Amino acid sequence: MVERLKGFRDFYPEEQEIRSEIFATMKESCRQFGFKEIDAPSVESIELFANKSGMEIMNQMFSFKDKGGRDITLIPEFTPTLSRMVASRKDLVKPLKWFSVEKFWRYEEPQSGRLREFYQLNADILGSESFFADAEVISLGGYILKKLGVGDVTKLRVSSRILIDRLIERNLPGKRDEVYYILDRWSKLTEEEREAYATEKSLNMETIMSFVNGKILEGVSDPELDRLYKIRDYVISSVGMEVDIDLKIVRGIAYYTGCVFEASDREEKQRSILGGGRYDNVIAQLGGDQTPATGFAMGDAVLENILKANGLWTQRREIGVFVAPIDQAGRDYAVRAASVLRNLGLKVDLNVTDRGISKQLDYAAKMGYQYVVVLGENEARKQSISLKNMGTGSQTEVELEKAGELISLLK
RNA sequence: GCCGGGAUGGGGUAGCGGUGCAUCCUUGGGGACUGUGGAUCCCCGGACCCGGGUUCAAAUCCCGGUCCCGGCCCCA
C-alpha cells in the first residue's frame with residue numbers, strides 16, 4: 001500500500017467535521033470584527049519569498065520547477081502573497097482588514113504542533129499605523145480563543161521591538177542579537193545554559209533578568225512603552241483576557257518593526273498558538289507603496305493540541321434524520337418523503353442499501369443520528385412519517401405535510 | 001539536516017529465537033428474521049512496516065531504509 005507522505009495528514013469525517021466547525025468559528029469571528037475574507041494561490045514563484053524571507057525559509061520550502069523551467073514553490077507563509085495583492089491594487093480603500101484560512105507547506109521535521117502541511121488563519125490590518133490597529137488585531141486573536149473555549153487557559157503576551165531595541169541600547173549597547181537570542185529561548189534554556197550563554201557573550205545577567213521579569217521598565221518614560229500600555233489596556237477591555245507585557249516576546253522574524261505578540265497556553269507547555277506583530281516595511285520591500293501593517297497567524301496544529309488537552313475536541317451531535325424504509329412501498333415513498341423533508345431545510349440521510357430495518361437502525365445509531373424516519377406501507381398510504389427517537393426508542397407518527405412542525409425538534 | 005523512542009488485522013493488544021492455523025478485545029462485510037429487532041442467531045474477511053543479514057529455525061537478534069511520536073535548528 002502506498003503510504004502517506006511524511007508530515008501530511010488525512011482527515012476522516014469524524015475529525016473533519018470538528019475541524020470545519022473550528023474554522024467556521026474563526027472565520028465568523030473575523031467577520032464580526034469587520035475583516036473580509038480573501039484567498040490566493042497555493043503555488044507562487046520562488047522569487048516572492050527570495051527577497052524578504054531569508055535563507056532559512058528558502059531551505060524549508062516545497063519548491064520545484066514547472067514544465068516551463070520556472071522555479072516555483074508551495075507557499076510557506078502568507079505575508080508575501082498578501083503584500084503582492086496589496087501592492088498591485090492602488091485603488092484599495094485603507095485601512096484594509098483581511099483574513100484568510102489557507103494551507104501552507106514547510107519542508108521540515110514534523111514534531112508536536114508542526115507538520116509539513118498545515119492550515120493557518122491569517123488576519124491583518126493594512127494602512128493604519130495607529131495603536132488601534134495593533135490592539136484590534138490582537139483583540140481579534142483573543143476573541144477567537146474565547147470563542148473556541150480556550151480563553152481561560154491561554155494568555156496573550158505583548159511586547160515591542162522598538163522598545164526592546166531602545167532598552168538594549170541603553171543597558172547593553174551593541175548586544176542586540178545576543179539579547180534577542182537569550183530572551184527568545186529563555187523558557188527553553190536551563191539555568192546553567194542561560195548563565196553560560198550570558199558569560200560567553202559578556203551579558204550582565206542582572207540586566208538580562210530585569211528584561212525577563214520586566215523590572216527594567218520601572219521608571220522608564222518612553223512613548224513606545226506608553227503605546228504598549230494603551231494596546232494592553234485596549235485588549236483587556238475588548239476581550240477580557242489576560243494580557244501581559246512580556247519582553248521575552250521578540251519573535252525571530254526579521255521584518256517586525258513594532259508591537260509583537262503571542263498567545264500560548266498559560267503554562268507555556270505548548271508552542272505558541274498564534275503569533276504576529278507590526279511589519280511596516282514589508283509591503284514597500286516587495287514593491288508596493290510604504291504601507292503600515294499589523295497582523296497575526298494562527299496555525300491549526302497547536303490549536304488542535306490545546307483543544308484536545310482541554311477536552312474541547314469533540315464532535316457535535318449529529319443533527320438530521322436517517323430515513324429507513326421497511327418494505328417496497330416504503331422505499332418508493334421514501335424518495336418523496338425525503339424530498340419534502342429536505343425542502344424544509346432538514347439534513348436527510350436516505351438509506352441507500354437493501355438492508356432490513358434492523359441493520360438500518362444499527363447503521364443510523366452508529367452514524368450518530370438521534371432520529372430515524374421509519375417508512376412502510378402504512379405511512380405511504382397515510383402520507384405520514386413515523387419519527388423514532390433513538391435515545392428513548394419512542395415513536396410518533398405525523399402527517400408528512402405537517403412535518404415542518406418537527407423542525408424545531410430536530411434543530 | 002541532526003538526536004532519542006517506537007512500528008503485530010481498520011482500532012487497541014499478547015507473543016520477544018522453535019511448542020497446533022500468531023492471542024484476545026473491538027471494528028467491518030454477508031445471511032437468517034421482516035412493522036420496530038440500534039435485538040438475537042449463523043457465516044466470512046483482515047496483521048508481524050520494507051529490504052538485507054545472522055541462524056538448522058526470525059514477528060522475536062543485527063544492519064540499512066521508510067513512517068509515527070517527541071526533541072534540536074527554525075518559527076515566516
Side-chain angles (χ1 to χ4, degrees), chain A residues 1-10 12 14 48-61 73 75-83 104-116 118 120 122 124 180-181 184-185 188-189 193 249-256 260 262 264 269-277 279 282 295-299 301-302 305 322 324-330 353-382 386-397:
Chain A
M1 191 160 54
V2 178
E3 290 191 337
R4 198 173 62 236
L5 257 34
K6 186 206 289 208
F8 288 75
R9 297 167 289 178
D10 294 321
Y12 290 88
E14 57 269 28
L48 185 63
F49 301 93
N51 301 334
K52 156 206 160 264
S53 303
M55 297 305 242
E56 190 55 42
I57 200 158
M58 294 290 283
N59 293 332
Q60 295 191 344
M61 293 195 298
T73 185
I75 55 172
E77 58 163 319
F78 193 61
T79 308
T81 301
L82 177 70
S83 301
F104 296 90
W105 295 265
R106 290 180 203 161
Y107 200 104
E108 61 185 344
E109 285 309 307
Q111 51 193 288
S112 180
R114 311 203 88 171
L115 296 153
R116 290 188 170 179
F118 54 94
Q120 208 170 59
N122 280 266
D124 297 86
Y180 270 33
Y181 182 90
D184 194 33
R185 285 167 188 71
K188 280 190 174 181
L189 298 173
E193 288 166 336
I249 304 299
V250 295
R251 301 196 57 80
I253 311 137
Y255 61 64
Y256 285 131
V260 287
E262 288 183 1
S264 62
K269 293 282 180 203
Q270 308 258 359
R271 292 170 194 284
S272 62
I273 186 169
L274 67 83
Y279 52 100
V282 176
F296 70 89
M298 179 173 181
V302 174
N305 287 348
F322 183 84
I326 288 176
D327 49 29
Q328 190 52 47
T353 69
D354 297 325
R355 289 169 178 165
I357 181 67
S358 173
K359 295 267 163 114
Q360 290 188 61
L361 290 173
D362 191 8
Y363 178 81
K366 281 173 182 158
M367 296 303 283
Y369 288 106
Q370 303 294 307
Y371 292 93
V372 171
V373 171
V374 180
L375 301 177
E377 197 185 335
N378 285 348
E379 286 82 2
R381 191 176 60 248
K382 292 154 70 179
S386 291
L387 187 68
K388 183 181 178 68
N389 183 323
M390 297 295 274
T392 64
S394 66
Q395 192 167 305
T396 51
E397 187 175 350

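Owing to the predicted nature of the structure, the values given are computational and were not obtained by experimental measurement.
Partner assigned to B/rA7 is B/rU66, using Watson-Crick or G-U wobble distances below 3.5 angstrom. Nucleotide B/rC48: unpaired (no Watson-Crick or G-U wobble partner with both distances less than 3.5 Å). In this structure, B/rU34 forms no base pair with any nucleotide, since neither Watson-Crick nor G-U wobble geometry is met with both distances under 3.5 Å. Base pairing of B/rC2 is made with B/rG71, judged by Watson-Crick or G-U wobble geometry with both donor-acceptor distances under 3.5 Å. Nucleotide B/rG18 forms a Watson-Crick or G-U wobble pair with B/rC56, both donor-acceptor distances falling under 3.5 Å. The base-pairing partner of B/rC24, taking Watson-Crick or G-U wobble contacts with both distances under 3.5 Å, is B/rG12.
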Enumerate the protein-to-nucleotides 67-71 of chain B contacts in which both atoms are nitrogen or oxygen and the separation is below 3.5 Å.
unit_1 : atom_1 : unit_2   : atom_2 : d
B/rC68 : OP1    : A/Gly7   : N      : 2.9
B/rG70 : OP2    : A/Ser112 : N      : 3.3
B/rG71 : OP2    : A/Ser112 : N      : 3.1

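Between A/Arg116 and A/Glu108, no side-chain nitrogen of the basic residue sits less than 4.0 Å from a carboxylate oxygen of the acidic one, so the salt-bridge criterion is not met. Residues A/Glu193 and A/Arg185 are not paired through a salt bridge, judged by the lack of any N-O separation under 4.0 Å between the basic side chain and the carboxylate. Comment: A/Glu109 engages A/Lys6 in a salt bridge, judged by a side-chain N to carboxylate O separation of less than 4.0 angstrom.
Across the protein-nucleic acid pair, A/Leu361 atom CG and B/rU36 atom C1' stand 7 Å apart, rounded to whole Å. At whole-Å resolution of the value, OH in A/Tyr12 and P in B/rG10 are 11 Å apart. As rounded to whole Å, 15 Å separates atom C1' of B/rA39 from atom CD1 of A/Ile326. To the nearest angstrom, P of B/rG38 lies 16 Å from CG of A/Leu387. Put simply, OH on A/Tyr180 is 16 Å from P on B/rC74, counting in whole angstrom units. Distance, A/Phe322 CZ to B/rU36 C1': 14 Å, rounded to whole Å. B/rC75 atom P lies 14 Å from atom CD1 of A/Ile249, rounded to whole Å. Rounded to an integer number of Å, the gap from A/Gln60 CD to B/rC75 C1' is 8 Å.
A donor-acceptor contact shorter than 3.5 Å links the side chain of A/Asp327 to the backbone of A/Glu377. A/Thr73 places no side-chain N or O within donor-acceptor distance of the main-chain N or O of A/Ile75, the cut-off being under 3.5 Å. Between the side chain of A/Gln360 and the backbone N or O of A/Arg355 there is at least one donor-acceptor pair closer than 3.5 Å.
Taking the C1' atoms as reference points, B/rG20 lies 49 Å from B/rG35, given to the whole Å. Distance noted for atom P between B/rG1 and B/rU60: 27 Å (whole Å). Taking atom P on both nucleotides, B/rC41 is separated from B/rU26 by 13 Å, rounded to a whole Å. The C1' atoms of B/rC33 and B/rC69 are separated by 48 Å, rounded to the nearest whole Å. B/rC67 and B/rC56 are spaced 34 Å apart, taking the C1' atom of each and rounding to whole Å. Here the separation of B/rG5 from B/rC61, taken at their P atoms, is 14 Å to the nearest Å. If you take atom P in B/rU23 and the same atom in B/rA59, they sit 14 Å apart, rounded to whole Å. For the C1' atoms, the distance from B/rC43 to B/rG52 is 42 Å, rounded to whole Å.
Using a 4.0 Å heavy-atom distance criterion, A/Gln360 is classed as making no nucleic acid contact. Among the atoms of the strands shown, none is found under 4.0 Å from any heavy atom of A/Arg9.
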>> Each nucleotide in nucleotides 27-33 of chain B should get exactly one letter: B, S or -. Can you fill that in based on protein heavy atoms under 4.0 Å?
In response: -SSBB--
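Rounded to the nearest 0.5 angstrom, A/Ser358 OG and A/Tyr363 OH are separated by 15.5 Å.
Nearest-nucleotide assignment on RNA chain B puts the 5′-proximal partner with A/Asn378, out of A/Asn378 and A/Gly393. Checking A/Lys388 against A/Gln120, the closest nucleotide of RNA chain B that is more toward the 5' end is the one next to A/Lys388.
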> Where do A/Phe8 and A/Leu115 land on the side-chain contact (heavy atoms from CB on, under 4.5 Å) test, with the steps shown first?
Replying inline: CA-CA 7 Å; A/Phe8 288 75; A/Leu115 296 153; over 6 Å; no
> Between A/Arg4 and A/Asp10, does a side-chain contact (heavy atoms from CB on, under 4.5 Å) hold up when you go through it step by step?
Replying inline: CA-CA 8 Å; A/Arg4 198 173 62 236; A/Asp10 294 321; 3.2 Å; yes
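By the side-chain hydrogen bond (donor to acceptor under 3.5 Å, both in side chains) test, A/Gln111 pairs with A/Arg271, sequence neighbours left out.
For a distance-only test at 3.5 Å, the side chain of A/Arg106 fails to qualify as a donor-acceptor partner of the base of B/rC75. With hydrogens and angles left out, the side chain of A/Glu379 and the base of B/rG35 share a donor-acceptor pair within 3.5 Å.
A/Val260 is not listed as a side-chain neighbour of A/Val250, based on a closest heavy-atom distance of 4.5 Å or more.
Between A/Tyr369 and A/Phe322, the ring-plane angle classifies as tilted under the 30° and 60° cut-offs.
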